[in-house]
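Have a look at the structure below, then the notes.
Since we're looking at a predicted model, the values are computed, not measured.
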Amino acid sequence: MAWTINRKTPWLALVGLLLLTACSVSYKFNGASIDYTQVKTIQIENFPIRSAYVWGPMGPMFNDKLKDKFLNHTRLTEVRRNGDWKLEGEITRYDQRNKSVSSEGYSAQTELSITVNVRFTNNKNHKEDFERQFSANSFYETTQSLSQVQEEKVNEMLDAICDEIFNATAANW
């Protein structure tokens with residue numbers, strides 16, 4: 001069988017290769033769907049702890065995580081007042097309770113939970129404003145004390161709550 005090479009084949013391959021490298025598609029997987037022509041700034045107030053049970057470091061941890069989430073995953077600029085978007089609220093619940101019982105009748109697992117009340121104001125589109133509670137919980141074995149697991153578990157829950165707040169505001173989920 002004799003192979004013949006068409007003179008157009010190398011040129012078509014070169015043009016195809018150039019088209020593939022010249023065109024690029026950019027995807028962002030942070031879930032944000034923000035119209036940056038309208039929304040440029042965000043005002044994030046500090047969320048005080050208003051729960052009966054308090055762990056001191058939790059407030060600053062939450063405030064830092066929430067600000068970092070928006071500033072690292074969007075192009076919004078943080079402002080102290082008159083933001084296009086405004087987030088405010090309070091940590092309303094932080095508690096623990098026995099979740100399961102062992103065969104001996106003692107607590108085997110403890111549930112730790114956090115609830116944050118959030119008020120979101122979109123000063124560019126007030127139809128998107130809301131006030132909502134976001135909660136997360138985590139479990140630990142009662143063979144461990146709360147002081148042994150508290151920082152790790154609170155970090156996990158605050159990350160989850162910040163993700164939910166981000167999705168409810170920036171991703172419109």
Side-chain angles (χ1 to χ4, degrees), residues 27-36 38-100 107-173:
Y27 292 101
K28 288 187 177 181
F29 294 104
N30 63 14
S33 60
I34 301 169
D35 181 1
Y36 290 108
Q38 297 288 317
V39 180
K40 294 177 176 34
T41 61
I42 187 166
Q43 176 184 344
I44 303 175
E45 298 292 334
N46 284 330
F47 284 57
I49 302 174
R50 301 261 192 260
S51 68
Y53 181 65
V54 175
W55 182 55
M58 183 173 52
M61 285 170 62
F62 175 75
N63 293 320
D64 291 343
K65 284 179 179 294
L66 187 61
K67 289 175 183 180
D68 288 347
K69 184 72 175 178
F70 279 89
L71 299 179
N72 291 334
H73 292 89
T74 68
R75 291 184 287 171
L76 298 176
T77 303
E78 185 181 14
V79 294
R80 291 190 180 261
R81 57 181 78 84
N82 300 325
D84 297 330
W85 283 4
K86 182 178 182 182
L87 282 169
E88 59 186 336
E90 50 279 332
I91 300 170
T92 57
R93 189 173 66 117
Y94 176 60
D95 58 16
Q96 62 178 343
R97 64 181 176 173
N98 294 332
K99 190 60 181 171
S100 64
S107 175
Q109 198 174 45
T110 303
E111 177 184 22
L112 192 62
S113 60
I114 299 174
T115 301
V116 178
N117 187 56
V118 176
R119 289 177 296 282
F120 172 69
T121 306
N122 182 340
N123 289 313
K124 298 296 182 178
N125 181 4
H126 285 289
K127 292 179 186 175
E128 294 180 358
D129 293 358
F130 66 78
E131 182 169 357
R132 192 181 310 165
Q133 291 192 348
F134 298 88
S135 297
N137 53 14
S138 186
F139 303 93
Y140 65 93
E141 301 299 318
T142 54
T143 56
Q144 298 175 298
S145 69
L146 177 59
S147 62
Q148 289 175 308
V149 298
Q150 188 163 231
E151 185 171 356
E152 174 191 351
K153 297 299 181 181
V154 167
N155 265 313
E156 287 174 15
M157 292 184 292
L158 293 180
D159 284 340
I161 290 172
C162 288
D163 287 345
E164 287 181 36
I165 294 168
F166 182 84
N167 288 339
T169 55
N172 292 322
W173 288 4

I'd like to check the side chain to side chain contact (heavy atoms under 4.5 Å, CB included) partners of Arg119; sequence neighbours left out, ordered by chain and number. Glu88, Glu90, Asn117, Glu131
Asp64: partners by side chain to side chain contact (heavy atoms under 4.5 Å, CB included), with sequence neighbours left out: none
Ala168 to Arg132 - nearest heavy-atom pair and separation: CB-NH1, 3.4 Å
Just so I know, are the side chains of [X] and [Y] near enough to count as touching, which here means a heavy-atom distance under 4.5 Å?
X	Y	result
Leu71	Glu78	yes
Trp55	Met61	yes
Glu164	Cys162	no
Lys69	Asp163	yes
Leu146	Gln96	yes

Show me the side-chain donor-acceptor pairs of residues 149-160 shorter than 3.5 Å, one per line, residues at least two apart or across chains.
| from | atom 1 | to | atom 2 | distance (Å) |
| --- | --- | --- | --- | --- |
| Gln150 | OE1 | Tyr94 | OH | 2.6 |
| Lys153 | NZ | Phe139 | O | 3.1 |
| Asn155 | OD1 | Lys65 | NZ | 3.1 |
| Asn155 | ND2 | Glu151 | O | 3.2 |
| Glu156 | OE1 | Ser138 | OG | 3.4 |
| Asp159 | OD1 | Lys65 | NZ | 2.9 |

Could you please spell out the steps behind the side chain to side chain contact (heavy atoms under 4.5 Å, CB included) verdict for Thr115 and Ile91? CA-CA 6 Å; Thr115 301; Ile91 300 170; over 6 Å; no
So, does [X] use its side chain to make a donor-acceptor pair with the main chain of [Y] at under 3.5 Å?
X	Y	result
Gln38	Asp35	no
Asp84	Thr41	yes
Thr74	Leu76	yes
Gln43	Asn82	yes
Thr92	Arg50	no

Residues that Phe134 engages under ring pair (Phe, Tyr, Trp, His ring centres under 6.0 Å), provided they are two or more places apart: none
Residues which pass salt bridge (charged side-chain N to carboxylate O under 4.0 Å, His left out) with Asp95, listed by chain and number, not counting sequence neighbours: Arg93
Pairs where residues 111-133 contributes a residue and the test ring-ring contact (aromatic ring centres under 6.0 Å, His included) is met, not counting sequence neighbours: Trp85-Phe120, Phe120-Phe130
